[in-house]
Amino acid sequence: MEITCEAPITSVTVHARGALVTRRAVLPPDLPAGDVVLVIPGVTALCDRGSLRAALTGERDVVAVQAALEVPAATEVAGPSVQRVRALTLELERLQEEHALLAARREVLAADAVDPRLRPASTLERIDERLGDAVAAAGALDRAVADLDGRLEALEEQIEEVSRRRDAAVLADLQAPTHARVGGGHPTVRLTVHLAGAGAAAALDLTYSVSAARFWPAATVRLAEGGAHATWTLEALVAQLSGEDWPAVALALSTADLIHDARLPELPSLRLGKAQPPARRGYRPAPAGLDQLFAGHDAAFPALPRPAPAPRPQPQSQWQSAATAGAVPEARALPDTGRMFGFAASESAGDVEEELAAAPYDQALLDAPPPSPAAMPAPASAPPFAPAPSFAPQGMPLAAKRRSFAPARASVGAGGGREEAPPVTFAQAAPEALAPAEDWLDFDALTLAPAGDRARRGRLRRADDRLPERAAALARIDALAPNLPHTRDPLAARGHFDSRYDADGVRDLPSDGLVHRLTLQSAETVPVLRFRTVPREAPEVYREAELVNPFAVALLAGPADVYVEGSLLLTAAAGAVDRGGRLTLGMGVEDRLRVARNVRVEEESAGLLGGKSAVTHTVHIELRSNLGRPATVEVLDRVPVSDEKDVEVKLVAMQPDGERYDQADRGAPVRGGWRWTVEVPAGGTRTIEYQYRVTLPAKSTIVGGNRRD
């Protein structure tokens with residue numbers, strides 16, 4: 001029994017490339033006992049049909065799941081938004097052509113001039129009649145030009161109005177959902193689930209993959225109450241062009257590969273001096289006498305010649321008149337008509353199947369015995385959700401994958417006569433060894449040829465479901481670049497471990513190929529605000545906020561928008577943060593804090609008998625605050641380091657005491673670093689002073705000068 005039911009999209013997991021879409025079938029409450037076939041139509045044709053999986057909750061069992069491409073016989077009809085854009089575009093072109101025609105006519109009339117002179121050959125014309133006719137003709141020309149000017153002015157107003165309406169329609173079309181733009185009559189995928197057994201079935205989930213989807217990580221940090229409170233929002237830039245919208249779905253992001261070959265390598269054993277048994281092969285040749293199974297079918301249904309396909313009528317342009325019906329109309333660039341797939345509306349599913357399977361075969365090749373299984377390499381198992389790889393030719397049966405030779409024709413002699421070269425027989429050419437590729441192990445894509453196909457019946461063949469629109473959608477998604485600085489591809493920023501990010505609630509994501517910024521999760525955290533300065537490098541004090549990762553997963557590197565009291569401060573580049581790690585965000589320069597660094601250098605003789613020179617450096621750092629509250633400032637500075645045995649650097653004095661700092665926390669270690677954490681009073685000053693001495697031989701100098709500050 002076959003039952004058609006709906007299956008809306010309930011959840012989507014977007015990977016770094018591609019996505020897994022889950023539909024939940026709406027089962028009837030009184031599901032009959034026994035074998036039942038559930039049919040779910042209307043799935044996007046851009047899905048990977050070989051990735052279909054079914055999970056049933058209940059007392060029944062899933063026997064088989066299938067996905068087949070359906071090409072409707074109805075004519076393709078674009079969506080209402082596309083039709084409106086197309087109609088307004090055609091109306092705009094009509095008005096522009098009419099305006100151009102009237103403008104050309106006005107130019108011709110305006111160039112005409114009336115000549116009131118008498119014609120020399122005429123003896124009956126009078127000067128007064130001639131002048132009256134000239135005045136009347138000039139008035140008629142003026143009225144015609146004025147009428148054309150009025151019509152041109154009205155057309156210009158109409159063109160401007162239609163242009164505005166067309167622009168508004170284009171914007172509405174870009175914002176319309178996919179089902180409203182695509183319309184009807186396009187190819188879809190039909191899902192079929194075979195159930196067996198008796199009892200209740202609570203839920204049926206169908207999962208398949210689509211390739212045209214990706215995301216980029218992002219974040220937003222909002223600081224409030226003077227930096228005492230912070231809200232960390234985990235976001236993502238997501239784009240998809242799967243051919244179907246995702247309305248109100250449970251969205252999740254994953255950095256894992258959608259398709260990953262996790263097969264273990266085969267380690268063959270090597271035994272010297274002993275013959276090894278041939279490895280087991282997954283391929284089995286077709287049995288002998290396969291065509292005898294169809295003797296009854298051939299007797300009941302004799303072979304009939306296949307009729308030639310009828311020529312397809314060419315659409316006639318609406319501007320083409322009856323007088324010029326045989327001429328080729330001028331090509332016009334029309335807007336997107338909503339056509340997504342490369343199938344004509346008049347093609348049926350059978351025609352498409354015949355075109356996909358059409359390939360020349362020689363019966364001698366089909367009847368030739370296949371090579372022995374021992375001569376063929378071992379095929380490996382196919383990874384889950386594997387896309388249909390390429391194969392040649394299309395629809396080639398496994399037992400007939402050999403090279404064919406066409407008879408050659410050559411011209412010999414100089415007298416113009418032609419002589420046919422002897423054809424190459426199949427007994428003369430040794431067939432290639434048959435090596436089944438891994439794409440033949442994608443069993444979801446294998447079909448059994450029907451009995452009417454005398455060349456391939458009884459043999460498995462691959463159904464080519466690769467649409468050119470799928471490759472175009474994937475290329476468009478891969479070429480996207482978000483208009484946001486510091487974005488990072490998760491494939492490059494995920495590190496050695498993969499993470500999954502689940503969104504709170506449901507999200508909407510249209511299939512428009514545009515980048516949408518979606519919120520996943522929000523969490524509260526307590527920031528640590530501090531001021532940091534490196535006066536040796538820049539005479540400025542910078543603000544920084546340090547936040548602890550409040551989420552249970554590690555965070556990827558990407559852009560982070562920093563808001564302070566509701567106002568956007570900047571978009572910072574946030575690095576990867578481990579679970580429980582800390583994120584430091586730079587918040588720019590604090591103009592109300594000033595820093596000045598001054599160095600005083602004194603050089604004198606030192607050592608026994610003055611054999612050495614001592615260069616004493618006194619560094620004075622002053623901090624001045626115009627803030628209305630005390631501020632804690634972290635001051636960083638460096639003392640020279642010497643690797644020469646004759647050059648000694650010694651720290652003499654320091655006030656206040658600092659601590660050594662190697663800058664390893666920022667990923668750029670340094671030597672000789674010092675750090676002071678000082679409290680600057682509101683509207684006051686604070687100083688740091690330290691002294692170090694560089695001792696070197698008296699007759700030597702340091703490259704670049706003895707002063708090292």
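Note that the coordinates shown come from a computational prediction; the quantities given were computed from them, not determined experimentally. In what follows, every heavy atom counts, from backbone to side chain, and hydrogens, waters and symmetry copies are set aside.
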For Asp257, what residues pass the salt bridge (charged side-chain N to carboxylate O under 4.0 Å, His left out) criterion, not counting sequence neighbours?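 If we apply the salt bridge (charged side-chain N to carboxylate O under 4.0 Å, His left out) test to Asp257, skipping adjacent residues, the hits are Arg494.
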Applying salt bridge (charged side-chain N to carboxylate O under 4.0 Å, His left out) to Asp205 and not counting sequence neighbours gives Arg24
Roughly how far, to the nearest 0.5 Å, is [atom2] of [Y] from [atom1] of [X]?
X	Y	atom1	atom2	value
Glu2	His194	CD	NE2	8.5 Å
Arg60	Leu27	CZ	CG	9.5 Å
Leu92	Ser163	CG	OG	5.5 Å
Ser242	Ile9	OG	CD1	6.5 Å

Quick check against the 3.5 Å criterion: does [X] have a side-chain atom that pairs as donor or acceptor with the backbone of [Y]?
X	Y	result
His15	Ala256	yes
Thr10	Thr22	yes
Asp512	Leu514	yes
Ser51	Ser209	yes
Glu565	Glu225	yes
Asn549	Phe551	yes

Contact summary for [X] and [Y], nearest pair of heavy atoms:
X	Y	answer
Gln663	Ala668	NE2-O, 2.8 Å
Gly18	Leu258	CA-CD2, 3.8 Å
Pro559	Pro485	CB-O, 3.2 Å
Leu46	Leu241	CD1-O, 3.7 Å
Phe215	Pro217	CD1-N, 4.2 Å
Arg166	Val85	CG-O, 4.5 Å

[X]: partners by side chain to side chain donor-acceptor pair (under 3.5 Å), with sequence neighbours left out:
X	answer
Thr519	none
Thr487	none
Arg23	Tyr208, Glu244
Ser81	Asp173

Applying side chain to side chain contact (heavy atoms under 4.5 Å, CB included), can you list everything that pairs with [X], at least two apart in sequence or on another chain?
X	result
Tyr542	Ala538, Glu540, Val589
Leu509	Val238, Gln240, Trp246, His516, Leu518
Thr584	Arg530, Glu544, Glu546, Arg666
Pro8	Val26

Indicate yes or no: does Arg165 engage Asp167 in a salt bridge with an N to O separation below 4.0 Å. no
Any Lys/Arg nitrogen of Glu97 or Arg94 sitting under 4.0 Å from an Asp/Glu carboxylate oxygen of the other?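 Answer for the salt bridge query: no.
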Are Gln521 and Val553 side-chain neighbours, meaning at least one heavy-atom pair lies under 4.5 Å?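 When only atoms from C-beta onward are counted, Val553 and Gln521 do not touch, as no gap falls below 4.5 Å.
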May I ask you to test the Asp48-Val210 pair for a side-chain heavy-atom distance under 4.5 Å?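 Not touching, per the 4.5 Å side-chain cut-off.
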Going through the distances and angles, do Leu223 and His229 end up as a side chain to side chain contact (heavy atoms under 4.5 Å, CB included)? CA-CA 6 Å; Leu223 301 175; His229 180 267; over 6 Å; no
Compile the donor-acceptor pairs under 3.5 Å between side chains in residues 571-581 and protein atoms, sequence neighbours left out, one pair per line.
residue	atom	partner	partner atom	Å
Thr571	OG1	Asp561	OD1	2.8

Quick check: are there more than 12 heavy atoms from other residues, nucleotides or ligands sitting under 6.0 Å from CD of Gln96? yes
Criterion side chain to side chain contact (heavy atoms under 4.5 Å, CB included) on Ile40 and Leu206, from CA distance to verdict: CA-CA 10 Å; Ile40 296 92; Leu206 301 171; 3.6 Å; yes
Which pairs pass salt bridge (Lys or Arg N to Asp or Glu O under 4.0 Å) with one or both residues in residues 473-492, sequence neighbours excluded?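 Counting only pairs at least two positions apart or across chains, the salt bridge (Lys or Arg N to Asp or Glu O under 4.0 Å) contacts touching residues 473-492 are Arg17-Asp478, Arg17-Asp489, Arg214-Asp489.
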State whether a side-chain donor-acceptor pair under 3.5 Å links Thr233 with Thr220. no
